[in-house]
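Just below is one structure, and these are the notes that go with it.
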Amino acid sequence: MTEAAPRHILDNPALAALQGPHAHLAERRGRILRYPVDVSPWLAMPDDPGPQDWADLVALTGPGSDVPLLGTLNPVPEGWTITFRAEGVQLVDDGIAAAPDPEAIRLGPADVPEMLDLVERTRPGPFLPRTIEMGTYLGLRREGRLVAMAGERLHLPGWTEISAVCTDPSTRGEGLATRLVLAVAHGIRERGETPFLHASAANTNAIRLYEALGFRLRRTTAFMSARAPEGAGEERATVGV
């Protein structure tokens, strides 16, 4: 009997992050890990989830709640309802010309209101009040106004995800997103790590840009949410690790 090939760390990136560099942010129930709800919607399941894991997921998130199942292809068990599904892609650094940007500024907690406003206008994906705690975020300003940003999200051993890449509509076409992606990638490379990112498979313009910068497609994935059955699981409990 042929043994299955070991899974790559990027096949379950949230699990590797929450067991590794982001362990200080993790909330746990059994083998289920997640970020606090004001940090990120990503949660992590084991590679081989069983009935107890799904029960622990219900206990962690609450019966009847919509549960984000991001970057997973695991089927949901009977009784769960898929409420959203979008196909996605995962891309990895394959020789991008990473470089610092002299105009890029590091964004901090005081910048979060402006960052949330920019995200609301541009919809790059989830960015929440404490997402900035996940890593370094860089921005570009015009006349004092934040018009572009990009930063780090999932951080796992040897790899860091680039996320929240967005540009104000008034400055699109100026290459600001490219500059920030390369600058964030430079910081990741300086730590001896490799950049990667996720994108919606439907966002073909972004995928073409990333591939032109030197990212290559590693795998397809899916971004889903599902509703847990009412009455499933026991009392809700979270334990920080």
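- Annotation: salt bridge (charged side-chain N to carboxylate O under 4.0 Å, His left out) contacts of Arg219 (sequence neighbours excluded): Asp11.
- Val39 and Val112 are members of different hydrophobic clusters when ILVMFWY side chains are connected at heavy-atom separations under 4.5 Å.
- Thr160 and Arg191 share a side-chain donor-acceptor pair at under 3.5 Å.
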Passes salt bridge (Lys or Arg N to Asp or Glu O under 4.0 Å), Arg31 versus Asp48? Steps please.
CA-CA 10 Å; Arg31 299 198 298 169; Asp48 56 344; 3.4 Å; yes

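- Judged as a salt bridge (Lys or Arg N to Asp or Glu O under 4.0 Å), the pairs with a partner in residues 58-73 (not counting sequence neighbours) are, in order, Asp66-Arg227.
- A donor-acceptor pair under 3.5 Å links the side-chain atoms of Thr83 to the main chain of Ser225, judged by distance alone.
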Start with the C-alpha gap between Thr72 and Met45, add the side-chain angles, then the distance that decides, and say whether side-chain contact (heavy atoms from CB on, under 4.5 Å) holds.
CA-CA 9 Å; Thr72 181; Met45 301 186 72; over 6 Å; no

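- Residue pairs that meet the ring pair (Phe, Tyr, Trp, His ring centres under 6.0 Å) test with at least one member in residues 85-115, sequence neighbours left out, do not exist here.
- At distances below 3.5 Å, at least one donor-acceptor pair connects side-chain atoms of Ser65 with backbone N or O atoms of Gly62.
- The CE atom of Met149 sits 8.5 Å away from the CD1 atom of Ile132 when rounded to the nearest 0.5 Å.
- Contact annotation: the side chain of Pro124 approaches that of Val119 to within less than 4.5 Å [non-hydrogen atoms, C-beta and beyond].
- For the atom pair CD of Glu103 and CG of Leu176, the computed distance is 8.5 Å after rounding to the nearest 0.5 Å.
- Applying the salt bridge (charged side-chain N to carboxylate O under 4.0 Å, His left out) rule to Arg189 yields the partners Asp93; only residues at least two apart in sequence or on another chain are considered.
- Contact between Ala183 and Leu138 at its shortest, heavy atoms only, is CB-CD1, 3.7 Å.
- What you find for Ala228 and Val58 is that their closest heavy atoms are CB-CG2, 3.7 Å.
- Phe215 pairs with exactly one of Val92, Asp94, Leu209, Ile96 by the side chain to side chain contact (heavy atoms under 4.5 Å, CB included) rule, that one being Ile96.
- The closest side-chain heavy-atom distance from Pro21 to Glu193 is not below 4.5 Å.
- At least one side-chain heavy atom of Leu70 sits under 4.5 Å from a side-chain heavy atom of Pro41.
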Set out, in order, the CA-CA distance, both residues' side-chain angles and the distance that settles side-chain contact (heavy atoms from CB on, under 4.5 Å) for Thr61 and Arg34, then state yes or no.
CA-CA 9 Å; Thr61 59; Arg34 74 169 181 182; 3.8 Å; yes

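- With hydrogens and angles ignored, the 3.5 Å screen pairs a side-chain donor or acceptor of Tyr137 with a backbone N or O of Glu152.
- Of the possible polar contacts, none joining the Asp38 side chain to the Leu128 backbone as a donor-acceptor pair under 3.5 Å is found.
- Contact check on Asp168 versus Arg121 returns a salt bridge, with a Lys/Arg side-chain nitrogen under 4.0 Å from an Asp/Glu carboxylate oxygen.
- Cys166 pairs with exactly one of Val147, Leu180, Leu118 by the side chain to side chain contact (heavy atoms under 4.5 Å, CB included) rule, that one being Leu118.
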Before giving the answer on side-chain contact (heavy atoms from CB on, under 4.5 Å), spell out for Leu156 and Leu10 the whole-Å C-alpha distance, their side-chain angles and the decisive distance to 0.1 Å.
CA-CA 9 Å; Leu156 42 155; Leu10 290 181; 3.8 Å; yes

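- There is a path of hydrophobic side-chain contacts, each under 4.5 Å, that joins Leu213 to Ile207.
- Taking 4.5 Å as the limit, some side-chain heavy atom of Pro46 sits within range of a side-chain heavy atom of Ile32.
- In this structure, Thr220 contributes its side chain and Val89 its backbone to no donor-acceptor pair below 3.5 Å.
- Expressed to the nearest 0.5 Å, how far CG of Leu91 lies from CD1 of Ile162 amounts to 10.5 Å.
- Residues Trp159 and Val184 are members of separate hydrophobic clusters, defined by side-chain heavy-atom contacts under 4.5 angstrom among Ile, Leu, Val, Met, Phe, Trp and Tyr.
- Connection of Met115 to Ile105 is established within a shared hydrophobic cluster, with ILVMFWY side chains joined at heavy-atom distances below 4.5 Å, either directly or through further cluster members.
- Screening residues 74-85 for salt bridge (Lys or Arg N to Asp or Glu O under 4.0 Å) gives Arg85-Glu87 as the qualifying pairs, with residues at least two apart or on separate chains.
- Smallest separation of non-hydrogen atoms from Tyr210 and Val181: CE2-CG2, 4.3 Å.
- In this structure, the separation between CG on Asn12 and CD on Gln19 is 8.0 Å, given to the nearest 0.5 Å.
- Checking Gln90, His155, Glu161, Arg153 one by one against Pro13, the side chain to side chain contact (heavy atoms under 4.5 Å, CB included) holds for a single residue, Gln90.
- Between Asp111 atom CG and Asp117 atom CG the span is 12.5 Å, to the nearest 0.5 Å.
- A heavy-atom distance below 4.5 Å is found between the side chains of Leu182 and Thr178.
- Taking CG from Asp47 and CG from Asn74, the interatomic distance works out to 8.0 Å, rounded to the nearest 0.5 Å.
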So Asn205 and Asn203, side-chain contact (heavy atoms from CB on, under 4.5 Å) or not? Walk me through it.
CA-CA 6 Å; Asn205 289 336; Asn203 194 350; 4.3 Å; yes

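- Contact between Val165 and Ala150 at its shortest, heavy atoms only, is CG2-CB, 3.9 Å.
- A ring-centre distance under 6.0 Å is not found for His22 and Trp42.
- Put simply, the side chain of Phe196 does not reach to within 4.5 Å of the side chain of Arg218, judged on heavy atoms.
- No side-chain heavy atom of Leu43 sits less than 4.5 Å from a side-chain heavy atom of Leu60.
- Taking both residues in full, the closest heavy atoms of Leu146 and Gly139 are given as CD1-CA, 4.0 Å, listed atom of the first, atom of the second, then distance.
- Taking all atoms of both residues into account, the shortest heavy-atom contact from Gly88 to Phe223 is CA-CE1, 3.5 Å.
- Here Arg106 pairs with Thr136 under the side-chain hydrogen bond (donor to acceptor under 3.5 Å, both in side chains) rule; sequence neighbours left out.
- Linking Ile, Leu, Val, Met, Phe, Trp and Tyr whenever their side-chain heavy atoms come within less than 4.5 Å leaves Met134 and Leu116 in two separate clusters.
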